[in-house]
Peer 1: 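Questions regarding the structure given below will be posed in turn.
These numbers come from a predicted model, not from an experiment. When reading the values below, keep in mind they use all heavy atoms of this one structure, side chains included, and skip hydrogens, waters and symmetry mates. Residue numbering restarts at 1 for every chain, and letters A, B, ... go by the order of the sequence lines.
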Amino acid sequence: MTAVELLRAELTRAARELGAPDPIEPALDRPRDPSFGDWTTNLAMVLARPLGMKPRDLAEALIARADLGRAGVRVADIAGPGFINFRLEGAAVAGRLVEVLRAGAAFGTSDAGHGTPVVVEFVSANPTGPLHVGHGRQAALGDAIASLLGSTGWAVSREFYYNDAGAQIQKLGASVQARIVERAGGALAIPEGGYHGEYIAEIAERYVAEHPGDPAGHEAERVREFAVAALRVEQDRDLQAFGVRFDTYYLESSLYTDGRVDETVTALQQAGDTYENDGALWLRTTAFGDDKDRVMRKQDGTFTYFVPDVAYHVTKWRRGYTRAINVQGSDHHSTVTRVRAGLQALRIGIPEGYPEYVLHQLVTVVRGGEDVKLSKRAGSYVTVRELVDDVGRDAVRYFYLMRRADSQLSFDVDLARTQSEENPVYYVQMAHARMSGIFRVGEVDPASVTGVGVDFGLLTEPDEWELINALVDYPTMVSAAAVALEPHRLTTYLHETAELAHRWYHRHHVLSVEPALMAARLTLARATQIVLGNGLALIGISAPERM
RNA sequence: GCGCCAGUAGCUCAGUUGGAUAGAGCAACAGCCUUCUAAGCUGUAGGUCGGGGGUUCGAUUCCCUCCUGGCGCGCCA
């Protein structure tokens, strides 16, 4: 048992002896100010009312009854309105570095998920244009969430859903066709709601070059397929540049060709919550929390987009994913209720909260002090590729993950470019590089540092204790971030820990001190290197040995 | 009008599920390189946590209400 666990047990026993009603679960937190101690509890304040005592008196009684020495507590004192602060023995704090060294790359992982299959769907852009900065945020978020789940014991699959069917694709084809005709000297208007971007003209040019038999673009279907294929290739390149890989790609068109859309409609009709009205087929989604019923099959006989959406999520369930997470822009949030309602209406045992959603607020791009309009159809946007080329993959990823998903993100391209050298990501990477530098200069193999035979009592500097506490808290932070599906906790943690590492590095030397202390500090340098490296790897950012 | 998400330092944003004197980066100002990388460290300044009520030992955090901004509210995706 670690010191914290022993401490919690002792406090529980003491509280029970004082007559506190079960359940007693003393909260042990890190104090806001590290000088207060290693751990703090508000137990005396929580129990003051039920026990009819003043918080500070109760705190004294708790301290007197608990066997704090057994938990490695050196000092316990009462502060403020009734906090009890604990300072542990040096060896109890620093000795935990051994856990980090022993686990190495596995430090911070757990089996909380018990190998349960979970599918994380993200990006899922229509193949109607290159990936823009909003997709970039999804790519960073989705990939990091998948990594978090993977490192906490879930069997994760990253999935990309291509909306390669429907009206938007028709318009894409027609748009390209219009450009082809234009090149041939004719005139054909780009359809209402079509695509005007430069890339449309480029695709038209390539089509003509590769299809000499159809210089005027008469073969509409072939043009459309060519455009979709071309854009998928482009999107794949963008994702590759960003370092994101998917395990599976699911095509919306396949839902039609293999009959799953029809099956789903039939199943919904049989389940009983559908009705016909005005020549359309409706689903009674209001029975499942929606504010109005939704059309499934339009008057013209085609399906609304939400039908294949439901069919698609049925496949996730059927493929064994008892948990599904969708990362989407908040502009799609109206689909949440609808898709869930459709799945519930099938009555096939899918849980109510299936799938889970991580909705992120939109990304605005600022360039030259002004907002850049992100409109695919007007042909003006900033792509992920541009961003990555400008400031680098690591920086882009880090920037995307610095903020909570549900806070708006304004990406100042100029700032990201000009300040690339003072980018926060370099701060974290530099801390890792500095730890690596110690081993390089000292000609010590990091892998040889095991902590065996080290006198951890020699690590007595407050700077060292703060750093050690941060390092051993890493697994707790990862677990919490995974449960909350909040990768931004990682960047926050990494920055804080890097700050402690820089300070320690600056104030205390490792290689120029007596051998016993050097051995102890090498374990700290090694543990820091491991934790920063593991954290960066988790969010897909490199951890350089030198910079 | 209804729903979702936000409002914290000049700017961009954190705030460990209700705790102590609210933090970081950038921007501003003042210092620190003969020692493992100055892509670093130290210090100063900067706040009615959108406003107002409520819940309790205690609220940036929970509840109510108003204000402001973003996004939704199609037989578009």
Peer 1: With hydrogens left out and only the distance checked, is there a donor-acceptor pair under 3.5 Å joining A:N85's side chain and the base of B:A20?
Peer 2: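 Donor-acceptor pair under 3.5 Å: yes.
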Peer 1: One pair to check against side chain to side chain donor-acceptor pair (under 3.5 Å): A:S542 and A:Q429. What are the steps and the verdict?
Peer 2: CA-CA 8 Å; A:S542 66; A:Q429 290 180 315; 3.2 Å; yes
Peer 1: Can you tell me whether the side chain of A:D331 and the base of B:G72 have a donor-acceptor pair closer than 3.5 Å?
Peer 2: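 Not at all, since no donor on one side and acceptor on the other fall under 3.5 Å apart.
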Peer 1: For A:D293 and A:T286: C-alpha separation, side-chain torsions, deciding distance, then whether side chain to side chain donor-acceptor pair (under 3.5 Å) applies.
Peer 2: CA-CA 6 Å; A:D293 290 343; A:T286 50; 2.7 Å; yes
Peer 1: Identify, between A:D300 and A:S512, the residue whose nearest nucleotide on RNA chain B lies closer to the 5' end.
Peer 2: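 Nearest nucleotide further toward 5': that of A:S512.
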Peer 1: With hydrogens left out and only the distance checked, is there a donor-acceptor pair under 3.5 Å joining A:T40's side chain and the base of B:A20?
Peer 2: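 In this structure, the two groups form a donor-acceptor pair.
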Peer 1: Determine yes or no for a side-chain-to-main-chain donor-acceptor pair under 3.5 angstrom, with A:D164 supplying the side chain and A:E252 the backbone.
Peer 2: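 Confirmed, A:D164 side chain pairs with A:E252 backbone.
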Peer 1: When you compare B:G51 with B:C67, how far apart are their C1' atoms, in angstrom units rounded to a whole number?
Peer 2: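 My reading of the C1' atoms in B:G51 and B:C67 gives 7 Å.
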Peer 1: Answer yes or no: side-chain N or O of A:Y305 and base N or O of B:A77 forming a donor-acceptor pair under 3.5 Å.
Peer 2: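 When only heavy-atom distances are counted, A:Y305 does reach the base of B:A77 through a donor-acceptor pair under 3.5 Å.
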Peer 1: Classify the side chain of A:H333 and the base of B:G3 as holding, or not holding, a donor-acceptor pair under 3.5 Å.
Peer 2: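 Counting by modelled atom types and ignoring angles, a donor-acceptor contact under 3.5 Å is found here.
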Peer 1: In whole angstrom, give me the gap between the C1' atoms of B:C64 and B:C73.
Peer 2: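 After rounding to an integer number of Å, I get 25 Å for this pair.
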Peer 1: If we take the C1' atom in both B:A27 and B:G46, what is their distance in whole Å?
Peer 2: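 One C1' to the other, the span is 11 Å.
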Peer 1: Please work out the stems of RNA chain B from pairs that are Watson-Crick or G-U wobble with both distances under 3.5 Å, keeping only runs of three or more consecutive pairs.
Peer 2: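 Stem list for RNA chain B: B:1-7 with B:67-73, B:10-13 with B:23-26, B:28-32 with B:40-44, B:50-54 with B:62-66.
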Peer 1: Mind checking the P distance from B:A20 to B:U61? Whole angstroms is fine.
Peer 2: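 About 13 Å, rounded to a whole number of Å.
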Peer 1: Nearest of B:G25, B:G40, B:C76 to any side-chain atom of A:Y427?
Peer 2: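 Nucleotide nearest to A:Y427's side chain: B:G40.
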Peer 1: Test side chain to side chain donor-acceptor pair (under 3.5 Å) on A:N326 and A:H313 and set out the steps.
Peer 2: CA-CA 10 Å; A:N326 294 355; A:H313 282 88; 2.9 Å; yes
